[in-house]
Every structure is written in structure tokens, then in C-alpha cells.
Amino acid sequence: HIKKPIRSTVTCLDWHPNNILLAAGSSDFKTRIFSAYIKDVESKPSATGWGPKMTFGNLMSEFSNTVGSWVHSVSFSASGNLLAWVGHDSSVSVADVNRGMAVATVKTQFLPFTSCTWVTENSMVVCGHDCCPMLFVYDDNGALAFTNKLDVSSGGQTTNKISAMRIFK
């Protein structure tokens with residue numbers, strides 16, 4: 001039962017690949033990583049870059065969303081060294097354990113994102129109210145960048161849709 005640092009509704013969860021750490025995004029503009037290690041059930045885990053103390057419910061790391069918006073989705077990379085989250089302010093953020101918990105954030109002009117998932121160790125697909133999956137890349141220098149939209153319609157198609165304006169002409 002983890003309640004202490006959480007002051008509002010948890011909106012999303014994701015398990016670390018080691019099945020000991022749990023990332024939680026919430027409507028108090030925070031992304032947190034907790035230890036879910038249960039001494040009587042699991043063997044003692046090795047320390048991770050997210051923090052050494054692994055008692056149950058221990059807050060390992062906490063990150064604020066840039067401008068102050070709800071966190072809609074969190075996702076650990078396959079190695080567990082990167083944590084990505086998306087906020088209602090149309091931002092995408094990545095925390096990197098190998099860079100001393102450094103956070104890279106990109107604020108976009110798109111509609112708010114609601115989901116993110118890693119597809120490789122350095123690239124993730126993000127989707128939201130634009131109804132178009134988008135690719136973001138986190139490079140070796142610790143920079144996060146929008147690459148492209150993945151569901152772009154081909155411009156050569158023409159359709160004979162009846163617009164509301166044409167009906168009343």
C-alpha cells in the first residue's frame with residue numbers, strides 16, 4: 001500500500017523489466033518510481049541506478065512534469081535504464097539513469113498525448129488526441145527529438161466527400 005508521497009490520482013503504471021520497480025504517473029504532475037520488493041516473496045534484488053534502497057513502497061525517484069500537467073502514460077525501456085512519460089501539455093520526457101537521472105523533454109504543438117511505448121532502446125512511439133502515432137528518438141547525447149508521424153495518408157488520393165458547405169450552396 002503506497003500512499004505517502006502521492007497527493008492525487010495515479011493515472012498510469014509500468015513495471016521495470018526486473019519486476020521490482022514500479023513507475024507511476026499521476027495528476028499531481030509527477031512521475032515516481034517505487035520499489036515493490038517484498039522480502040518474503042522475492043530474492044534480494046541487486047541495486048539499480050534508480051536507487052539502492054529497495055524496501056517495499058520506498059520512493060526511488062521522482063520527476064516533475066515540465067509546465068505542470070497530468071502524466072498520462074509512463075514506460076520503461078527494455079533495459080530499464082530509461083523512463084519515458086507523456087503529459088497533458090503535449091510534452092514527451094525521458095529520464096536517463098546513466099546520465100545521473102537527467103531529464104530530456106520536448107514540448108510539442110500537437111494535441112495532448114495519452115500513450116507512449118518504447119519500440120527500441122532509443123526510440124518510442126507516442127500517440128494521443130491527434131490519432132496519429134509519432135516517433136521520438138532519444139540519442140546518445142541525451143537529446144530527445146520528434147522524428148516523424150507514422151500514419152501519414154498519401155497525398156495522391158482524391159475523394160468525393162460531400163462537405164457540409166457544399167450541401168447548402
Side-chain angles (χ1 to χ4, degrees), residues 2-36 45 47-54 57-152:
I2 302 169
K3 289 171 48 172
K4 198 167 191 172
I6 300 174
R7 302 242 182 262
S8 66
T9 304
V10 171
T11 57
C12 52
L13 298 168
D14 190 41
W15 284 101
H16 187 276
N18 71 5
N19 290 327
I20 300 293
L21 301 178
L22 182 65
S26 60
S27 58
D28 65 355
F29 322 136
K30 304 280 187 188
T31 299
R32 296 177 178 91
I33 301 174
F34 294 98
S35 170
T48 69
W50 299 107
K53 189 176 178 188
M54 295 273 208
N58 184 46
L59 178 64
M60 306 294 283
S61 299
E62 180 178 79
F63 306 99
S64 291
N65 206 14
T66 53
V67 177
S69 68
W70 290 18
V71 176
H72 284 297
S73 181
V74 293
S75 180
F76 278 109
S77 64
S79 69
N81 292 331
L82 301 173
L83 176 68
W85 66 91
V86 293
H88 195 73
D89 63 346
S90 304
S91 65
V92 180
S93 300
V94 174
D96 189 344
V97 74
N98 294 326
R99 295 185 182 279
M101 309 288 188
V103 176
T105 300
V106 172
K107 176 84 170 72
T108 70
Q109 297 300 315
F110 302 114
L111 292 176
F113 299 119
T114 57
S115 181
C116 65
T117 191
W118 291 94
V119 290
T120 67
E121 187 60 30
N122 291 352
S123 60
M124 75 179 103
V125 173
V126 172
C127 196
H129 294 286
D130 273 328
C131 298
C132 180
M134 300 178 199
L135 185 66
F136 285 80
V137 174
Y138 182 76
D139 67 21
D140 294 334
N141 298 322
L144 179 63
F146 169 71
T147 304
N148 62 323
K149 291 184 175 185
L150 300 176
D151 191 18
V152 179

If the condition is side-chain hydrogen bond (donor to acceptor under 3.5 Å, both in side chains), which residues does [X] pass it with, not counting sequence neighbours?
X    : value
S27  : S8
D14  : none
T120 : S123
T48  : none

With sequence neighbours excluded, tell me which residues meet salt bridge (charged side-chain N to carboxylate O under 4.0 Å, His left out) with [X].
X    : value
E121 : none
D96  : R99
D130 : none

From [X] [atom1] over to [Y] [atom2], what is the distance, rounded to the nearest 0.5 angstrom?
X    : Y    : atom1 : atom2 : result
F34  : N58  : CZ    : CG    : 9.0 Å
R32  : S64  : CZ    : OG    : 8.5 Å
W118 : S79  : CH2   : OG    : 8.5 Å
W70  : T11  : CH2   : OG1   : 8.0 Å
D140 : N122 : CG    : CG    : 6.0 Å

Under the side-chain contact (heavy atoms from CB on, under 4.5 Å) rule, collect the residues that match up with [X], sequence neighbours excluded.
X    : value
V103 : F63, W85, S93, A95, T105
L13  : V10, L22, A24
N148 : L135, L150

Side chains of [X] and [Y]: does their closest heavy-atom pair fall under 4.5 Å?
X    : Y    : value
V71  : S26  : no
L144 : V137 : no
S75  : L83  : no

Can you list the steps and then say if H88 with L111 is a side-chain contact (heavy atoms from CB on, under 4.5 Å)?
CA-CA 8 Å; H88 195 73; L111 292 176; over 6 Å; no
Between [X] and [Y], what is the shortest heavy-atom contact and its length?
X    : Y    : value
S73  : C116 : OG-N, 3.2 Å
M60  : S35  : CG-N, 3.8 Å
S77  : P17  : O-CG, 3.5 Å
T114 : V86  : C-CG2, 4.1 Å
C132 : K149 : SG-CB, 3.6 Å
M101 : G49  : CE-O, 3.0 Å

For side chain to side chain donor-acceptor pair (under 3.5 Å), just list the numbers for S91 and K107, CA-CA rounded to whole Å, side-chain angles, deciding distance to a tenth of an Å, and then say yes or no.
CA-CA 4 Å; S91 65; K107 176 84 170 72; over 6 Å; no
Under the ring pair (Phe, Tyr, Trp, His ring centres under 6.0 Å) test, residues paired with F146 that sit two or more places apart:
F110, F136
Under 3.5 Å: donor-acceptor pair, side chain of S61, backbone of I33
no
Test side-chain contact (heavy atoms from CB on, under 4.5 Å) on I20 and W15 and set out the steps.
CA-CA 8 Å; I20 300 293; W15 284 101; over 6 Å; no
